Number of protein chains: 2
Amino acid sequence: MGTTSKALSLLSYFSRAMPRIGLSELARLSGLNKATVHRLLSELAEHGFVEQVGAGREYRLGPAFLRLAALREKQVPVREVALQQLTELSNKTGETAHMSLLNGDVLSNLAYAYSNRHGTMVMMEDAEVLELHSTGSGLAVLAYSPASFVDEILSRPLIARTSQTLTDPADIRALLPAIRRQGMAVSTGGFEEDVISHAVPIFDARSACIGAMAVAAPVSRMTDALRHNICDKLMVHARQTTRILGGFPPDTFPPYQPQTPLAEEA
Amino acid sequence: MGTTSKALSLLSYFSRAMPRIGLSELARLSGLNKATVHRLLSELAEHGFVEQVGAGREYRLGPAFLRLAALREKQVPVREVALQQLTELSNKTGETAHMSLLNGDVLSNLAYAYSNRHGTMVMMEDAEVLELHSTGSGLAVLAYSPASFVDEILSRPLIARTSQTLTDPADIRALLPAIRRQGMAVSTGGFEEDVISHAVPIFDARSACIGAMAVAAPVSRMTDALRHNICDKLMVHARQTTRILGGFPPDTFPPYQPQTPLAEEA
DNA sequence: GCGATCGGTTCATTATTTGAACCATTGGTT
DNA sequence: AACCAATGGTTCAAATAATGAACCGATCGC
């Protein structure tokens with residue numbers, strides 16, 4: 001691994017759950033020498049990628065990202081496009097819609113939209129982390145990822161978020177062909193109890209899967225009618241999002257077919 | 001310069017004006033060897049900090065920034081705080097309010113708010129770059145920056161954006177004491193003709209100047225009454241922003257005094 | 001078909017990175 | 001108050017990774 005990669009990988013240890021990290025702890029997490037981590041952090045800090053916070057001298061992500069994210073978004077307005085689509089999708093389904101992007105071996109939430117049709121909604125947050133094995137979005141991404149990547153992911157310990165989380169690699173592999181046939185993944189209670197999530201993958205210009213768009217609803221509210229409505233609208237908006245972003249679904253991706261209660265299967 | 005710094009500095013060549021850069025061009029811009037740049041870009045690309053775009057194989061900023069910016073914003077909601085303050089400021093003054101952060105030797109715009117009081121407004125954009133010598137915000141920052149930084153900035157060629165831009169280092173230095181006395185900088189037509197900009201510096205927890213909040217108005221609309229209103233409201237909201245962000249003005253920073261037409265001077 | 005680009009690669013030389021051991025501080029425990 | 005175990009940070013010889021001139025193959029304009 002190059003020095004630059006080491007420096008950049010340090011950034012990946014910052015998360016919602018661990019927003020500030022001390023020097024020694026970061027050295028432990030990354031397996032690098034403390035002196036090395038210190039030098040890398042100093043260089044990162046010089047460029048505003050991290051900064052030190054008050055007393056404990058811990059480090060946190062720096063202000064440079066605001067500028068660079070704004071530039072990125074100006075060039076490729078993924079978030080803006082996603083928000084438009086999600087707002088429509090959420091309005092049409094009456095449920096929470098969200099979109100997440102693949103970031104290493106995990107999905108991170110990019111944007112979301114709530115509906116005000118019901119008193120209760122599945123809640124979401126920006127930059128929330130979604131695991132590939134326990135969420136509908138993750139399964140959708142796995143189904144359209146290279147075999148080597150799937151092997152890599154499934155070879156690691158799969159944490160059971162709920163009693164319904166699939167943790168056997170074989171069980172998860174068995175789902176993928178069906179997801180590929182339908183162009184959509186469904187996960188019931190895999191990440192949070194009582195939440196059912198439908199997800200459709202999003203592709204880039206090289207037809208690589210870069211993330212997923214999903215609708216998350218309380219299990220208690222799910223009916224055949226709602227399911228069909230969600231499937232139909234989700235398929236439309238996910239495909240549209242891929243297209244607007246300049247991406248192309250792979251040749252094997254099933255074309256859109258209007259979903260009616262009669263057309264149901266599986 | 002360490003390897004990491006070289007890699008990170010490559011990112012700084014991407015801008016609104018130059019959103020995509022080819023390998024050879026980036027090598028030329030940075031003065032590094034083409035092979036070196038290629039290796040650094042490959043490492044950056046591995047982590048999603050840059051990506052290659054279609055035909056020309058040029059590079060642009062990658063999707064990783066969206067996630068990291070969201071995390072940063074979650075931890076230190078500068079943008080959110082700024083937007084609230086700017087919206088109020090813009091409403092109270094009837095003019096465009098914006099806030100920019102120091103990024104190396106230049107300010108980059110973080111957020112802005114328009115008023116709908118008038119048919120014409122000074123326009124702004126996110127991630128827009130403001131030079132230190134030609135803008136009100138830049139002068140405010142210079143006035144509260146270390147002497148060595150000021151020397152560094154003023155030793156470089158100062159581009160004349162308009163016929164009214166100050167390009168003589170001595171002229172600019174002469175302004176700084178008055179700015180420090182008032183806690184506010186004013187620039188008329190320095191960046192764009194017919195725009196007058198009032199700016200107040202923003203400070204962090206160590207009382208270092210990290211950027212500026214400003215109100216930009218058409219010169220044609222400027223009256224004594226508007227000027228006093230802008231000064232008063234800008235002082236209030238800039239100080240409030242510093243405070244909310246956990247920062248402290250330096251001891252030398254003048255305390256807020258209500259601005260009335262009678263209290264005017266220079 | 002030529003010349004001048006481009007992105008990308010190679011490999012001996014070189015300079016940077018590395019890490020064990022070392023401070024100075026801090027905070028909790030005996 | 002003495003002690004221990006943390007912390008962030010520093011040092012410098014040894015080891016490793018970065019470097020860059022020259023080289024491909026492809027593309028473009030003429």
Side-chain angles (χ1 to χ4, degrees), chain A residues 1-15 17-63 75-76 204-208 246, chain B residues 1-15 17-63 75-76 204-208 246:
Chain A
M1 204 198 323
T3 310
T4 303
S5 285
K6 286 178 196 154
L8 297 181
S9 71
L10 290 183
L11 297 174
S12 66
Y13 293 100
F14 293 94
S15 67
M18 204 183 230
R20 288 188 306 273
I21 312 182
L23 175 61
S24 299
E25 183 151 22
L26 201 43
R28 233 177 289 120
L29 287 169
S30 63
L32 299 172
N33 186 282
K34 203 170 52 165
T36 303
V37 172
H38 181 255
R39 188 174 43 79
L40 296 178
L41 283 174
S42 299
E43 292 200 64
L44 287 168
E46 228 171 78
H47 293 260
F49 284 75
V50 300
E51 65 182 8
Q52 272 185 288
V53 51
R57 305 222 164 274
E58 292 179 312
Y59 294 83
R60 70 177 172 206
L61 294 177
Q75 183 68 10
V76 191
D204 71 6
R206 282 177 287 283
S207 292
Chain B
M1 201 197 323
T3 310
T4 303
S5 285
K6 285 177 197 156
L8 297 181
S9 71
L10 289 182
L11 296 174
S12 67
Y13 293 101
F14 293 93
S15 67
M18 206 182 227
R20 289 188 306 272
I21 313 183
L23 175 61
S24 298
E25 183 151 22
L26 200 45
R28 234 177 287 119
L29 287 169
S30 62
L32 300 171
N33 186 279
K34 201 170 51 162
T36 301
V37 173
H38 180 255
R39 187 174 44 79
L40 297 177
L41 283 174
S42 299
E43 293 200 65
L44 288 168
E46 229 170 79
H47 293 260
F49 284 74
V50 300
E51 65 181 10
Q52 275 185 286
V53 50
R57 304 225 161 269
E58 292 179 311
Y59 293 82
R60 69 177 172 206
L61 294 177
Q75 183 68 9
V76 191
D204 71 6
R206 281 176 288 283
S207 292

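In this text, all values refer to a predicted model and were calculated from it rather than measured experimentally. Both backbone and side-chain heavy atoms feed into the values below; hydrogens, waters and symmetry mates do not. In what follows, every chain begins at residue 1, and chains take the letters A, B, ... in the order their sequences are listed.
- OP1 or OP2 of D:dA18 has not a single side-chain nitrogen or oxygen of B:T3 nearer than 4.0 Å.
- Not one side-chain nitrogen or oxygen of A:H38 sits closer than 4.0 Å to the OP1 or OP2 atom of D:dG8.
- In this structure, B:E51 and A:D204 have side chains that are not in contact, with every pair of non-hydrogen atoms separated by 4.5 Å or more.
- Here D:dG9 presents its P atom at 12 Å from CG of A:L26, a figure rounded to the nearest Å.
- A straight line from CG of A:L23 to P of C:dC23 spans 18 Å, rounded to a whole angstrom.
- Judged as a ring-ring contact (aromatic ring centres under 6.0 Å, His included), and not counting sequence neighbours, the contacts of B:F49 are B:F65.
- A straight line from CG of B:L10 to C1' of C:dG7 spans 15 Å, rounded to a whole angstrom.
- Straight-line distance from the CD1 atom of A:I21 to the C1' atom of D:dG8: 15 Å, rounded to whole Å.
- B:R60 and B:P19 get closest at one heavy-atom pair: CB-O, 3.5 Å.
- Comparing C:dT9, D:dA21, C:dG19 by their nearest atom to the side chain of A:N33 picks out C:dG19.
- Summarising the geometry, the separation between CD on A:E58 and P on C:dT25 is reported as 21 Å, rounded to the nearest angstrom.
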Please test A:L40 against A:K6 for side chain to side chain contact (heavy atoms under 4.5 Å, CB included), starting from the C-alpha separation and ending with a verdict.
CA-CA 8 Å; A:L40 296 178; A:K6 286 178 196 154; 4.0 Å; yes
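- Between D:dG9 and A:Q52, a contact under 4.0 Å exists linking OP1 or OP2 to a side-chain N or O.
- Checking the phosphate oxygens (OP1, OP2) of D:dT7, no side-chain nitrogen or oxygen of A:Y59 falls inside 4.0 Å.
- In this entry the distance linking CG of B:L32 with P of D:dA17 reads 20 Å, nearest Å.
- B:K34 has its NZ atom 10 Å from the C1' atom of D:dA22, to the nearest Å.
- For the pair B:S24 and B:T4, nearest-nucleotide mapping onto DNA chain C gives the more 5' position to B:S24.
- Between B:L8 and A:E46, the closest side-chain pair of non-hydrogen atoms is not below 4.5 Å.
- Regarding B:L41, its CG atom lies at a distance of 15 Å from the C1' atom of C:dT9, rounded to whole Å.
- Considering only side-chain N and O atoms, A:T36 lies nowhere under 4.0 angstrom from the phosphate OP1 or OP2 of C:dT17.
- Nearest to the side-chain atoms of B:R39 among the listed nucleotides D:dG9, C:dG8, D:dA18 stands D:dA18.
- Using a 4.0 Å heavy-atom distance criterion, B:K6 is classed as a sugar-phosphate-only contact.
- Comparing A:M1 and A:E25, the nucleotide of DNA chain D nearest to each residue sits closer to the 5' end for A:E25.
- Between A:R28 and D:dA6 there is no side-chain polar atom (N or O) within less than 4.0 angstrom of OP1 or OP2.
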